[in-house]
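Report on the structure given below.
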Amino acid sequence: MKMYLLALLLPGTLFAAEMQGTVIRVIDGDTIDLFHEQKPVRIRLANIDAPEKKQAYGRWSLHKLNSLVIGQTVTVTYTQSDRYGRILGRVVSNNGIEANRYMVQSGAAWVYDRYNTDNALPALQKEAQQQKRGLWADGNPVPPWEWRHKNN
């Protein structure tokens, strides 16, 4: 009974799963396809939201993630999937770089405040803003969730 209650109180901390595979495709700045157990698996990088491909910095963001992970073996730690069936995870490259944090720190993605569970991300975003890295070089960058709302 205690374990069940603890699981309810601390979702995502007790039952995290892990998978490894090779990144076979980068869809955009926050989504990849991983070849795992002889099939592709779609992974959505948790806690972040990258510009859409047709949005300012969208292609640049895609290329930033691509340069980090394409063809690499990565480890994905996750607890859930989203409404589209994508696994929501933290992606770590074979050289130890966490892609989720890297994308925010380099100014290639926003912290997705609505869903963020990584306490380190806001400080990384603030640093990117102060240094005017990536999309923060724009005087008034539009968050992807606002862009999608206006353009869908």
Side-chain angles (χ1 to χ4, degrees), residues 8-19 21-36 40-72 74-152:
L8 289 175
L9 295 173
L10 301 172
T13 57
L14 295 176
F15 303 108
E18 193 173 273
M19 71 168 64
T22 303
V23 178
I24 55 174
R25 184 172 174 213
V26 175
I27 309 300
D28 58 27
D30 56 32
T31 309
I32 62 174
D33 282 344
L34 187 72
F35 193 67
H36 174 73
V41 179
R42 180 112 345 139
I43 309 293
R44 171 72 163 75
L45 278 65
N47 306 314
I48 72 170
D49 199 5
E52 299 296 328
K53 283 188 252 185
K54 293 182 179 179
Q55 184 179 358
Y57 294 92
R59 293 259 176 221
W60 179 81
S61 177
L62 179 153
H63 291 298
K64 198 81 169 157
L65 183 57
N66 193 68
S67 69
L68 179 66
V69 299
I70 194 70
Q72 302 293 316
V74 298
T75 301
V76 179
T77 305
Y78 64 97
T79 58
Q80 62 185 345
S81 56
D82 67 9
R83 62 184 173 170
Y84 304 109
R86 301 174 298 188
I87 289 174
L88 295 172
R90 293 173 83 162
V91 176
V92 179
S93 68
N94 59 1
N95 61 359
I97 297 172
E98 185 187 313
N100 311 51
R101 290 180 177 182
Y102 171 83
M103 294 299 286
V104 170
Q105 189 171 27
S106 62
W110 273 260
V111 176
Y112 206 168
D113 290 325
R114 184 173 174 186
Y115 302 106
N116 182 37
T117 60
D118 182 348
N119 294 333
L121 285 177
L124 294 175
Q125 179 170 291
K126 186 173 185 177
E127 176 187 310
Q129 288 170 317
Q130 290 170 341
Q131 299 293 318
K132 297 193 183 318
R133 291 188 200 126
L135 60 89
W136 301 111
D138 187 322
N140 191 25
V142 177
W145 53 91
E146 289 179 14
W147 189 90
R148 286 190 297 269
H149 182 73
K150 291 176 186 170
N151 293 282
N152 285 336

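Note: hydrogens, waters and symmetry copies are ignored here, and every other heavy atom, side chains too, is used.
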Report yes if the side chains of [X] and [Y] come closer than 4.5 Å at any heavy-atom pair, otherwise no.
X    : Y    : result
N116 : P122 : yes
W110 : Q125 : yes
E98  : T75  : no
I97  : Q105 : no
I87  : M19  : yes

Residue list, ring pair (Phe, Tyr, Trp, His ring centres under 6.0 Å) with W147, at least two apart or on another chain: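 Ring pair (Phe, Tyr, Trp, His ring centres under 6.0 Å) list for W147, sorted by chain: empty.
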
Restricting to ring pair (Phe, Tyr, Trp, His ring centres under 6.0 Å), what partner residues turn up for Y115, sequence neighbours left out?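 Y115 satisfies ring pair (Phe, Tyr, Trp, His ring centres under 6.0 Å) with Y112 once adjacent residues are dropped.
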
Can you name the closest pair of heavy atoms from [X] and [Y] and give their distance?
X    : Y    : value
P40  : I24  : CB-CD1, 4.0 Å
V69  : A99  : CG1-CB, 4.4 Å
T31  : L45  : N-CD1, 4.3 Å
D138 : P141 : O-CD, 3.3 Å

With salt bridge (Lys or Arg N to Asp or Glu O under 4.0 Å) as the test, would you mind laying out the steps for D118 and R90 before giving the verdict? CA-CA 10 Å; D118 182 348; R90 293 173 83 162; 3.0 Å; yes

Backbone N or O of P51 within a donor-acceptor pair of the D28 side chain at under 3.5 Å?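 Pair absent, no side-chain N/O of D28 close to backbone of P51.
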
So, Q55 side chain and V142 main chain: donor-acceptor pair closer than 3.5 Å or not?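 At least one qualifying donor-acceptor pair exists.
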
Any residue meeting side-chain hydrogen bond (donor to acceptor under 3.5 Å, both in side chains) with [X], in chain and number order, not counting sequence neighbours:
X    : answer
T117 : N47
S81  : none
R42  : D33

Mind listing the side-chain donor-acceptor pairs of residues 57-67 below 3.5 Å, one per line with the distance, residues two or more places apart or on another chain?
from: S61; atom 1: OG; to: A108; atom 2: O; distance (Å): 2.7
from: S67; atom 1: OG; to: H63; atom 2: O; distance (Å): 3.4
from: S67; atom 1: OG; to: K64; atom 2: O; distance (Å): 2.8

I'd like to know whether CG of N119 has more than 12 heavy-atom contacts from other residues, nucleotides or ligands below 6.0 angstrom.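 Counting neighbours around CG of N119, 12 or fewer heavy atoms of other residues, nucleotides or ligands fall under 6.0 Å, so no.
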
For the atom pair [atom1] ([X]) and [atom2] ([Y]), what is the distance rounded to the nearest 0.5 Å?
X    : Y    : atom1 : atom2 : result
R101 : M103 : CZ    : CE    : 15.0 Å
I32  : I27  : CD1   : CD1   : 9.0 Å
T77  : L88  : OG1   : CG    : 13.0 Å
D113 : W145 : CG    : CH2   : 6.0 Å
D30  : I43  : CG    : CD1   : 12.5 Å

